[in-house]
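Below is one structure; the comments refer to it alone.
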Number of protein chains: 2
Amino acid sequence: MLSRTEHKFGCEDCEFKKMSCLYVEPDSFEEFRQQSIKLSFSKGETIFKQGGKSGGLLFLHEGIVKFCYQYDSGSNYIMTIVRGPKLLGGANLFFKSVNIFSITAMEDSRVCMLDSAAFMKLAIGNPAYLLALVENTMDMFQDAIFNFISLAHNHVNGRIATILLYLHKNVYNGQGYSFTVSRKEIAEFAACSHENVINTLSRFRKEGIIEFHGKEIEIINIELLEEISRKG
Amino acid sequence: MLSRTEHKFGCEDCEFKKMSCLYVEPDSFEEFRQQSIKLSFSKGETIFKQGGKSGGLLFLHEGIVKFCYQYDSGSNYIMTIVRGPKLLGGANLFFKSVNIFSITAMEDSRVCMLDSAAFMKLAIGNPAYLLALVENTMDMFQDAIFNFISLAHNHVNGRIATILLYLHKNVYNGQGYSFTVSRKEIAEFAACSHENVINTLSRFRKEGIIEFHGKEIEIINIELLEEISRKG
DNA sequence: ATTAAAAGCTGAAATATTTCATGTTATCAA
DNA sequence: TTGATAACATGAAATATTTCAGCTTTTAAT
């Protein structure tokens with residue numbers, strides 16, 4: 001990973017810097033930043049590998065990544081999908097020496113790998129900063145937990161509805177009601193077979209709830225989708 | 001909740017105090033402790049109510065509690081079950097003004113309700129303490145996530161095996177291989193019907209994996225149970 | 001441009017799961 | 001003790017889901 005070409009992108013208008021400097025002195029942040037590594041990943045590339053040594057904290061400047069658990073059988077479960085700018089902390093990173101999940105780029109992404117030791121130093125000196133970052137991480141977990149709750153209670157109908165709404169609201173926001181995800185990825189997110197996703201999406205289309213052309217899915221009737229998400 | 005009778009139990013040998021005093025001065029802790037409320041809950045009583053105003057942090061001195069999500073339909077999903085001594089932080093409490101889950105006593109329990117503002121003051125003054133508590137919380141989440149991962153991938157066989165192992169290792173530890181949980185609660189934890197739990201437990205018994213007399217379940221062949229949990 | 005690989009699609013058979021109906025056994029309070 | 005309630009148990013029918021086989025379309029690489 002460290003042998004990849006470093007791409008230069010500006011640090012001046014960095015969201016992480018802006019957020020951090022609400023809590024820490026610019027000089028302290030600059031020192032921290034010096035320890036971090038800027039990288040670009042193409043769609044499909046693995047950023048962190050499940051079972052590998054934890055690379056510490058990671059700030060996703062731009063792009064979309066999935067948290068993916070790989071079973072021994074080879075099948076995958078997507079725990080959550082997030083878009084930058086976002087700090088990717090949590091059980092996968094915070095305090096854990098081994099990655100529980102792989103983190104894989106779903107779109108071309110720019111990230112900064114942050115040095116754990118330097119982060120700890122900064123956090124210890126600025127507890128309010130630490131609190132803000134933990135809160136940020138908890139938000140990400142909460143999104144994932146609501147998906148689990150849908151998974152535990154709903155049939156595939158409801159699970160897919162929940163996922164489409166999540167993707168629309170939290171990931172592909174700011175681009176109307178359409179986005180592009182593969183059936184296979186929806187299946188790995190909803191924990192069902194890809195055939196079931198195909199059938200369900202076709203049914204949703206027949207009922208006028210969504211429309212799609214290839215991988216591009218458009219939500220037509222969001223109220224109905226929300227009702228299916230709630231009632232199963 | 002606050003109108004309940006306060007039961008006195010000693011603060012001298014409190015696990016939370018011991019853990020806290022690794023990081024903070026005894027005087028600071030004592031000041032914090034003064035703001036907290038000691039309570040006892042009987043089996044079945046609700047400690048925190050889903051949708052209610054968050055009561056801040058809670059230290060479970062002794063007892064067993066479940067984190068329970070109640071759907072509109074009235075059915076429940078148990079996210080996790082934990083035994084004291086344990087700090088119950090996490091998305092349900094940390095930084096959230098409304099409880100996502102109910103927390104209900106599964107056995108008679110003794111808790112301290114900690115004051116959020118006093119906790120923040122202590123945490124800001126002792127970032128290493130905050131880090132330790134966050135790490136503790138992340139551990140609890142990790143246990144819950146491994147259950148989700150089993151839920152997403154396994155059939156009921158494997159989910160129930162995973163749950164029995166979790167209960168044996170993390171909740172009813174230190175009491176051999178047997179414990180007492182209702183079929184209904186296992187069903188709510190495994191996200192399936194209680195009939196399915198009954199059938200599965202009977203099958204496990206026929207195959208010599210477990211034994212049970214009423215609600216008391218004993219693990220006979222833990223290696224086989226672990227294999228089912230992984231593969232099944 | 002051609003080919004290989006991956007993704008999308010469909011329907012039928014096999015399997016898993018829930019729901020329902022029914023009855024038995026614990027449990028708990030009056 | 002008795003009665004009410006909840007939990008436990010079982011089997012059959014209905015439903016949901018996966019698996020499989022076969023096919024088309026899209027995507028990516030040579």
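A, B, ... follow the sequence lines: proteins, then strands. Residue 1 opens every chain.
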Looking for any heavy atom pair under 4.0 Å, which part of the strands does B/Ser193 touch: base, sugar-phosphate only, or nothing?
base

Of all residues at least two apart in sequence or in a different chain, which pass the side chain to side chain contact (heavy atoms under 4.5 Å, CB included) check with A/Glu216?
A/Ser178, A/Thr180

Gap between atoms [atom1] and [atom2], on [X] and [N] respectively (whole Å):
X        : N      : atom1 : atom2 : answer
B/Glu188 : D/dC8  : CD    : P     : 11 Å
B/Met106 : D/dA7  : CE    : P     : 12 Å
A/Glu185 : C/dA6  : CD    : C1'   : 13 Å
B/His155 : C/dT17 : NE2   : P     : 5 Å
B/Asn199 : C/dA16 : CG    : P     : 13 Å
B/Asn196 : C/dA16 : CG    : C1'   : 8 Å
B/Ile198 : D/dA6  : CD1   : C1'   : 12 Å

Atom CD of A/Gln70 and atom CD1 of B/Ile149: how far apart are they, to the nearest 0.5 Å?
12.0 Å

Distance col, row B/His61:NE2 vs B/Phe16:CZ, nearest 0.5 angstrom, shows 8.5 Å

When you measure from the side chain of B/Cys192, which nucleotide among D/dC8, C/dT18, D/dT17 comes out closest?
C/dT18

Answer yes or no: does atom CZ of B/Phe212 have more than 12 heavy-atom neighbours from other residues, nucleotides or ligands under 6.0 Å?
yes

Which of residues 202-218 of chain A sit near DNA chain D, with a heavy atom under 4.0 Å from it?
none

Is it the case that the base of C/dC9 and the side chain of A/Glu195 share a donor-acceptor contact (distance under 3.5 Å, atom types as modelled)?
no

